[in-house]
Participant: 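My questions all concern the structure below.
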Amino acid sequence: MEQILLQVDGLTKRYPGFALDGMSFSVPGGSIMGFVGENGAGKTTTLKLILDELPRDGGTVTIFGLDNRERGSELRAQIGVVFDDSHFHEMFTPAEVGAILRGCYRTWDDALYRSLLRRFGLPEKGKKLKEFSRGMTMKLGVAAALAHRPRLLLLDVNCRIAYISPSMPKRN
């Protein structure tokens, strides 16, 4: 039987004018799951509730079979997260980001981090994040999220997928 890595039951969060109401799903090991929806649909809110970065109004979240509120720090150390916006200061270089994260994760792997930087075509030194393109910043986020060998990877990225039918005119 497959292990359930993430279980969400009846997850609820209410804001004025918006409610995430009774969301339930599970993610078995070895699978990929994504949320698709318009801006404001609750995708980021759901991820922040999973990470216990927001107080929830109802429901439960278990990660690796453990309650995310009771074992939050322990669980977050085993999760890689990439948010749509960079959480790294713009004056850092990728090497400095790695040095900081090395102190945050017991399982940080410097060799893996440097290997991912090379694979993604990112400079380790000599270029500050403020000089990075959006794509480079996203690649750095993925490298940082993977370098501590997480058991679960959560991505909150804004993907724009466009399909243009051969019979439809292109929009400029």
Side-chain angles (χ1 to χ4, degrees), residues 5-6 8 13 15 18 20 23 25 27-54 61 63 68 72-73 75-172:
L5 298 183
L6 174 62
V8 173
K13 177 68 180 175
Y15 293 106
F18 171 78
L20 182 70
M23 178 181 277
F25 63 89
V27 180
S31 66
I32 297 171
M33 180 195 161
F35 297 128
V36 178
E38 297 178 9
N39 288 345
K43 300 178 298 291
T44 299
T45 296
T46 301
L47 288 178
K48 287 184 176 185
L49 290 166
I50 289 168
L51 294 167
D52 198 29
E53 291 183 2
L54 290 174
V61 175
I63 304 169
N68 76 326
S73 296
L75 292 171
R76 282 188 296 278
Q78 300 176 65
I79 300 172
V81 181
V82 180
F83 283 105
D84 195 35
D85 296 324
S86 174
H87 284 77
F88 306 123
H89 195 279
E90 66 179 9
M91 294 307 292
F92 290 148
T93 65
E96 292 167 329
V97 169
I100 291 166
L101 294 177
R102 181 184 314 115
C104 297
Y105 294 101
R106 266 191 5 246
T107 57
W108 183 260
D109 185 333
D110 277 319
L112 175 58
Y113 181 66
R114 286 191 304 277
S115 170
L116 289 167
L117 292 178
R118 283 191 302 276
R119 180 182 232 173
F120 295 155
L122 299 175
E124 192 171 342
K125 298 177 182 173
K127 194 169 191 176
K128 301 214 180 276
L129 300 187
K130 70 179 182 176
E131 303 170 68
F132 278 26
S133 69
R134 177 165 167 74
M136 292 171 74
T137 302
M138 293 304 299
K139 288 177 187 180
L140 176 64
V142 171
L146 293 174
H148 67 97
R149 301 186 183 276
R151 292 177 60 195
L152 176 66
L153 181 62
L154 301 176
L155 304 171
D156 183 20
V157 294
N158 195 357
C159 297
R160 290 175 178 82
I161 301 171
Y163 172 75
I164 299 175
S165 166
S167 63
M168 292 179 65
K170 292 182 181 179
R171 289 191 295 175
N172 292 330

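Numbers here simply count residues along the sequence, with the first being 1.
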Participant: Within a strict 4.5 Å, meaning less than it, do heavy atoms of the V82 and M138 side chains meet?
Facilitator: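 Heavy-atom side-chain distance check passes, below 4.5 Å.
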Participant: Please step through side-chain contact (heavy atoms from CB on, under 4.5 Å) for the pair V8 and L49, ending with a clear verdict.
Facilitator: CA-CA 10 Å; V8 173; L49 290 166; over 6 Å; no
Participant: F18: which residues meet the ring-ring contact (aromatic ring centres under 6.0 Å, His included) condition with it, sequence neighbours left out?
Facilitator: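 Checked F18 against ring-ring contact (aromatic ring centres under 6.0 Å, His included); zero matches.
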Participant: Which atom pair, heavy atoms only, marks the closest approach of P150 to I79?
Facilitator: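 So the two residues come closest at CB-C, 3.7 Å.
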Participant: To the nearest 0.5 Å, what is the distance between CD1 (I63) and CG (D52)?
Facilitator: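 So the gap between those two atoms works out to 8.5 Å.
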Participant: Could you measure the distance from the CE atom of M33 to the CG atom of L154? Nearest 0.5 Å is fine.
Facilitator: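 Reported to 0.5 Å precision, the distance equals 10.5 Å.
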Participant: Let me confirm one number: the NZ-OG1 distance from K127 to T93, rounded to the nearest 0.5 Å.
Facilitator: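 The NZ atom of K127 sits 12.5 Å away from the OG1 atom of T93.
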Participant: Are L51 and L75 side-chain neighbours, meaning at least one heavy-atom pair lies under 4.5 Å?
Facilitator: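 When only atoms from C-beta onward are counted, L75 and L51 do not touch, as no gap falls below 4.5 Å.
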Participant: Please, which pairs that meet salt bridge (charged side-chain N to carboxylate O under 4.0 Å, His left out) have at least one residue in residues 31-51, sequence neighbours excluded?
Facilitator: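 Pairs touching residues 31-51 that pass the test: none.
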Participant: CZ/R151 to OG1/T107 distance, rounded to the nearest 0.5 angstrom?
Facilitator: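 Going from CZ on R151 over to OG1 on T107, the span is 11.5 Å.
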Participant: Do the non-hydrogen side-chain atoms of V142 and L116 ever get within less than 4.5 Å of each other?
Facilitator: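 Sidechains of L116 and V142: no contact.
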Participant: Would you please name every residue forming a side chain to side chain donor-acceptor pair (under 3.5 Å) with T46, sequence neighbours left out?
Facilitator: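 Side chain to side chain donor-acceptor pair (under 3.5 Å) check on T46 returns nothing, list empty.
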Participant: Can you sort out the partners of F92 under ring-ring contact (aromatic ring centres under 6.0 Å, His included), two or more places apart, ordered by chain and number?
Facilitator: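 Scan of F92 (ring-ring contact (aromatic ring centres under 6.0 Å, His included), adjacent residues dropped) gives H89.
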Participant: Under the rule for side chain to side chain contact (heavy atoms under 4.5 Å, CB included), what residues qualify as partners of K130, not counting sequence neighbours?
Facilitator: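 Counting only residues at least two positions away or on another chain, K130 forms a side chain to side chain contact (heavy atoms under 4.5 Å, CB included) with E90, M91, K128.
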Participant: May I ask you to test the V61-L6 pair for a side-chain heavy-atom distance under 4.5 Å?
Facilitator: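 In short, these two side chains touch, coming nearer than 4.5 Å.
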Participant: Heavy atoms, side chains only, cut-off 4.5 Å: are P94 and M136 in contact?
Facilitator: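 With C-beta onward as the side chain, the pair stays apart.
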Participant: List the residues meeting salt bridge (Lys or Arg N to Asp or Glu O under 4.0 Å) with R149, not counting sequence neighbours, and say none if there are none.
Facilitator: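 Partners of R149 by the salt bridge (Lys or Arg N to Asp or Glu O under 4.0 Å) criterion, ordered by chain and then number, come out as D109.
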Participant: What distance do F132 atom CZ and K139 atom NZ have between them, rounded to the nearest 0.5 Å?
Facilitator: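 Taking CZ in F132 and NZ in K139, the distance rounds to 10.0 Å.
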Participant: Show every ring-ring contact (aromatic ring centres under 6.0 Å, His included) that has at least one partner inside residues 99-130, sequence neighbours left out.
Facilitator: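 Only Y105-H148, W108-Y113 qualify under ring-ring contact (aromatic ring centres under 6.0 Å, His included).
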Participant: With salt bridge (charged side-chain N to carboxylate O under 4.0 Å, His left out) as the rule and sequence neighbours excluded, what pairs involving residues 110-124 come up?
Facilitator: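 Sorted result for residues 110-124: R102-D110.
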Participant: What's the spacing between L129 CG and T137 OG1 if we round to 0.5 Å?
Facilitator: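 Going from the CG atom of L129 to the OG1 atom of T137 covers 6.5 Å.
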